[in-house]
Structure formats: C-alpha cells, structure tokens
Amino acid sequence: MAKRLLPVVVLLLGAIVGAASGLGARYAFGPPAASARATVAKEVETTLVPLPRMTAPLVLPDGRLSGYAAFEEQLEVPTSEAARVTTRLPYLQHAINMRTYRIPLAAGRDGALPNIDMFRRVTLDAATEAFGRGVVRRVAVTQAVPA
C-alpha cells in the first residue's frame with residue numbers, strides 16, 4: 001500500500017511547492033509594470049495602403065484547382081513607410097503569386113469559397129519578403145469573391 005501512495009504524495013507535494021514558489025515570486029517581484037507593457041507596444045501613426053485587385057487560384061488540400069477568387073486588400077503600415085510600400089507593390093504582388101498556387105486557399109465543401117485567413121497569412125508572409133519585417137502591421141481583406 002505504501003508503494004502506491006508514495007508517487008501520489010510526491011506528485012501532490014511537487015504541485016504544492018510549485019504553486020507556492022509562483023505565489024512567492026509574484027509577492028516578491030509584483031505583477032509586470034504597465035510601463036513595461038507600454039514600451040513594447042509603441043504608438044506609431046499608421047495608414048492604410050490599398051492593393052490592386054488580385055486574382056488567386058483556389059487550390060484544394062489535395063492539390064486540385066477548384067477555381068479562382070478575386071481579392072481586394074489594404075495594408076496597415078506606418079505613415080512614414082507608406083510611399084515606399086506603394087512603390088514596391090508590384091514586388092508584393094509577385095511574392096503573393098509565387099505562394100498562392102502552393103497553399104490551399106479553397107474553403108467549403110466544394111472548394112468554391114476562398115479561405116480569407118489563409119490569404120491574409122500569405123499576404124503577410126509575402127509582405128515580409130517584399131518590404132522587410134515589421135513594416136506591414138495588419139492586412140485587411142476588404143473583398144473576396146469567387147471569379
């Protein structure tokens with residue numbers, strides 16, 4: 001009987017010691033300061049840069065083409081970078097085109113609907129390649145229709 005209780009007792013004691021050390025650390029050091037969180041997320045003035053309408057293939061997970069979809073998007077970028085982003089939009093479009101045929105963008109039972117979240121991720125990855133890391137903050141897909 002003692003052989004069976006020993007692992008349970010050790011497990012319970014470990015949980016109690018772990019919880020007590022977490023509470024002790026929070027008591028000793030306190031919660032993270034609000035100023036520390038504020039310095040991480042600096043307020044930068046941003047603007048939206050519209051992309052021209054793009055057509056992307058709707059590929060099913062098994063690799064078959066189910067159709068095409070037309071997307072309209074806007075990129076949220078710092079105001080200081082808006083002119084540079086606007087001039088480099090063809091590079092972004094090329095990077096998006098080089099990714100869309102490899103990634104399944106079809107949704108729904110028959111694959112006729114575009115997967116908005118996947119296209120947003122594709123655009124963010126392509127934006128990192130075209131503009132550098134951290135330039136594009138968000139991608140807003142304003143319209144997605146089967147073509």
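All figures in this text were calculated on a predicted structure; none of them were measured in a lab.
Counting only distance, with no hydrogens or angles, the side chain of R53 and the backbone of A70 share no donor-acceptor pair below 3.5 Å. Checking side-chain atoms of T142 against main-chain N and O of E72 turns up a donor-acceptor pair under 3.5 Å. Side-chain atoms of T100 never come within 3.5 Å of backbone atoms of P57 as a donor-acceptor pair (strictly under, hydrogens ignored). In terms of modelled atom types and a separation under 3.5 Å, the side chain of R137 and the main chain of E76 share no donor-acceptor contact. In this structure a side-chain-to-backbone donor-acceptor pair under 3.5 Å is present from T79 to E45.
Here the straight-line distance linking atom CD of E73 with atom CD1 of I116 works out to 9.0 Å at 0.5 Å rounding. How far OG1 of T46 is from CG of L75: 11.5 Å, rounded to the nearest 0.5 Å. Here the straight-line distance linking atom CD1 of I96 with atom CE of M54 works out to 4.5 Å at 0.5 Å rounding. In this structure, OG1 on T123 lies 10.5 Å from CD on Q93, to the nearest 0.5 angstrom.
When the side chains of ILVMFWY residues are joined at heavy-atom separations under 4.5 Å, either directly or via intervening members, V136 and V141 end up in a single hydrophobic cluster. Transitive grouping of hydrophobic side chains (ILVMFWY, heavy atoms separated by less than 4.5 Å) keeps L113 and Y68 in distinct clusters. At a threshold of 4.5 Å between side-chain heavy atoms, the hydrophobic network of Ile, Leu, Val, Met, Phe, Trp and Tyr places V122 and L124 in one connected group. Linking Ile, Leu, Val, Met, Phe, Trp and Tyr whenever their side-chain heavy atoms come within less than 4.5 Å leaves L60 and L65 in two separate clusters. Residues L92 and I103 share a single hydrophobic cluster, defined by chaining ILVMFWY side chains whose heavy atoms lie under 4.5 Å apart.
Under the side chain to side chain contact (heavy atoms under 4.5 Å, CB included) test applied with V85, the options T47, L51, V77 reduce to a single match, V77.
Under a cut-off of 6.0 angstrom, the local environment of CZ in R84 is crowded, with over 12 non-hydrogen atoms contributed by other residues, nucleotides or ligands.
With contacts defined as side-chain heavy-atom distances shorter than 4.5 Å, the pair L13/V9 qualifies. You'll find the side chain of S66 reaches within 4.5 Å of the side chain of L58, heavy atoms only. Inter-residue side-chain proximity for N115 and P104 is flagged as unmet; no heavy-atom pair is nearer than 4.5 Å. Side-chain contact between F119 and P114: absent, with no pair of heavy atoms (C-beta onward) separated by less than 4.5 Å. In this structure, R99 and E129 have side chains that are in contact, with non-hydrogen atoms separated by less than 4.5 Å.
Nearest heavy atoms, A56 versus F71: CB-CE1, 3.9 Å. Annotation for Y101 and N97: closest pair CD2-O, 3.7 Å, computed over non-hydrogen atoms.
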